[in-house]
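The block underneath contains the structure these notes are about, expressed in C-alpha cells.
To find a chain, count down the sequence lines: A is the first, B the second, and so on, and within it residues start at 1. All values reported here derive from a predicted model rather than from experimental measurement.
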Amino acid sequence: GAVVSQHPSRVICKSGTSVKIECRSLDFQATTMFWYRQFPKQSLMLMATSNEGSKATYEQGVEKDKFLINHASLTLSTLTVTSAHPEDSSFYICSARFSTFGNTIYFGEGSWLTVV
Amino acid sequence: GENVEQHPSTLSVQEGDSAVIKCTYSDSASNYFPWYKQELGKGPQLIIDIRSNVGEKKDQRIAVTLNKTAKHFSLHITETQPEDSAVYFCAAISGGGADGLTFGKGTHLIIQP
C-alpha cells in the first residue's frame, strides 16, 4: 500500500487566492520531507527540503514567501501556494525519507494545481 | 552539487525484448541510486534501488547495475510487457542522505505490441 499520501489530488483555485497541499507519511515517521514541482513531460524539480520542527531549506530560485512549507510533525508536511497565479499551475509532488527503510525515499501521488 | 544525466530520452522496444536505460552521475560521494517509474498523472513509484556497496541488484524482471569507478548505473528490464510503458527516472543522492534526490531527465519507455 501507499507509504506517502498527498491531498488533494486535484485542485482548482482563482488567481490571488492561496491553496494548501498536504503530505502525510502513513504508519511510519518520516525524517525528512521534500517538495517537488513537475511540468508536463519534464523531470521533477526539487523546491524545498523540510525537517520536522525546523524551517524548510529552499532551492535556489524558489520563493519562500510564495511557497510556504510547514512541517509540524514527523508525519505531516504542508505546502501552501500563496497569492496563486496561472503560472503556478503545475503538478506538485511530495516525498518522504524513512529511516525505518534505510533512508529510502517514497513519493506521494501528486497534486494537480490549476490556477484560473 | 550532483548532476545526473540519463539516456535515452525515448526508448521504443518490442514486447518481450529487453530495455536498458543508462545514467551517469557527477558526485563521487553519492551512495544511493533509486529508479522510479512514473505513469501519466501519477507520482513516481520506486521500482528498484541500489547502494554504493553493491554492484548489481535484481528483482524479477528488473535489474540495476552500478559502476562506481565510471560513475554510471543502468536499469535493465527483461521480457518487457505493455504495462512497462511509462517514464522512468534515475536518481542519485549524496550528502549522507541529508539532501534530496537529484533526478535524471527521464526516459519515456514505449513497449510496442
- Do B:Ile93 and A:Leu46 sit in the same hydrophobic cluster, where Ile, Leu, Val, Met, Phe, Trp and Tyr count as joined when their side-chain heavy atoms come under 4.5 Å apart? yes
- Top residue by heavy-atom pair count (under 4.5 Å) with chain B, among A:Gln38, A:Arg10, A:Gln42, A:Met45? A:Gln38
- Task: Answer with side chain, backbone, both or neither: which region of B:Pro44 has an atom nearer than 4.5 Å to a non-hydrogen atom of chain A?
- Result: both
- Task: Identify which part of B:Gln6 has an atom lying under 4.5 Å from any heavy atom of chain A, answering side chain, backbone, both or neither.
- Result: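 For B:Gln6, neither part sits under 4.5 Å from chain A.
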- Message: If the threshold is 4.0 Å, N to carboxylate O, is there a salt bridge linking B:Lys37 and B:Glu39?
- Response: yes
- Query: Between A:Phe107 and B:Phe103, does the ring centre distance come in under 6.0 Å?
  - Reply: yes
- Sub-3.5 Å donor-acceptor pair from the side chain of B:Lys57 to the main-chain atoms of B:Val64, do we have one?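 Such a contact is absent between B:Lys57 side chain and B:Val64 backbone.
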